[in-house]
Every structure is written in structure tokens, then in C-alpha cells.
Amino acid sequence: SRLAWAYARAKVRETTVLRLLAQQAISQMQAFQPHDLADLAWALAGLALDEAATFTAVAEQSSLKLHAFRPEEVSNLCWAMAKVGLQDKQCCAMVVRQVLLSGLADYKPVELANLAVAFAKLDNALIL
């Protein structure tokens, strides 16, 4: 996830390498920490790489580990899901629950803005 993040941060869209990284990540994703999941999703979405299987795996693993996500990670994950149009009902419900449980006071303005944009892009039925 760190290598994908570095490519995205530098705006290097080396699709062959990134697609291989995304495919490899699926087999190792159970070991990913919350920051790894959020970073990978953010990187792939930021570079507009359509890796549906990877995003589905990220959503599944994130749903299981969302209680351990920090506000920045929740925000980046939601932004990435919305950017690629991933409509995962379970993950969206877990995100809303996590945000409500943790409270908005821990979120920076940019993180709240990312959440607002993400929720605006997602189907309302997924988050209500």
C-alpha cells in the first residue's frame, strides 16, 4: 500500500506496476492495518485506476477493522469509495456507525469535508 501511495502522491500513473500491486494486495489484505487499507484505496482512486476486485476486498476488510480506523483513515476510505463509485452497503453502514460513535470532534475540517463529499456522491439508501 505504501508503494501505491507513493506513486499516487507523486502523480505517477504507472498502470502496469499499480495493477500488479493491487492484485497482489488482495491476497495479503487480511494482514493490512487500517492505514494500509485507506492508503491503498486513496492511491488507486486518486490515480483513477479501476480495480474493482481490489476495492471490494478493501471494503470487506475495512468493514471488519473499521473500529480501529482513525478519522483521517475513515475520511480517505470514504473519499476513495465515492471517487470510484463503490456502493458497498455494509461498508457504508459501518462507516456511518464509526463516525457517529467516535464523534465529529476528532475530525479535522478537511476530513469532514471529504466525508461530506463522499456521502453526497453515494446513494442515500446506503447511508441512511
Verify same cluster id: L112, V117 (apolar side-chain graph, 4.5 Å) |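 In one cluster: no.
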Report whether L20 and L40 are members of the same hydrophobic cluster (ILVMFWY, side-chain heavy atoms less than 4.5 Å apart, transitive linking).
->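 Unlinked, L20 and L40 end up in two clusters.
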Check whether any side-chain heavy atom of L21 lies under 4.5 Å from a side-chain heavy atom of Q24, and answer yes or no.
-> no
Does a sphere of radius 6.0 Å around CD in Q30 hold more than 12 heavy atoms from other residues, nucleotides or ligands, not counting ones at 6.0 Å or beyond?
->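 At most 12 heavy atoms, drawn from other residues, nucleotides or ligands, come within 6.0 Å of this atom.
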Minimum heavy-atom distance [X]-[Y], with the two atoms named:
X: A118; Y: A82; answer: CA-CB, 3.5 Å
X: A80; Y: W42; answer: CB-N, 3.8 Å
X: D106; Y: E111; answer: O-OE1, 4.1 Å
X: L44; Y: A22; answer: CD1-CB, 4.1 Å
X: M29; Y: K65; answer: O-NZ, 3.6 Å

Between atom [atom1] of [X] and atom [atom2] of [Y], what is the distance when rounded to the nearest 0.5 Å?
X: F32; Y: L37; atom1: CZ; atom2: CG; value: 7.0 Å
X: L66; Y: L77; atom1: CG; atom2: CG; value: 7.0 Å
X: E60; Y: I26; atom1: CD; atom2: CD1; value: 9.5 Å
X: E51; Y: R19; atom1: CD; atom2: CZ; value: 5.0 Å

Pairs in or reaching into residues 72-83: which pass side-chain hydrogen bond (donor to acceptor under 3.5 Å, both in side chains), with residues at least two apart or in two chains?
-> R70-E73, S75-N114
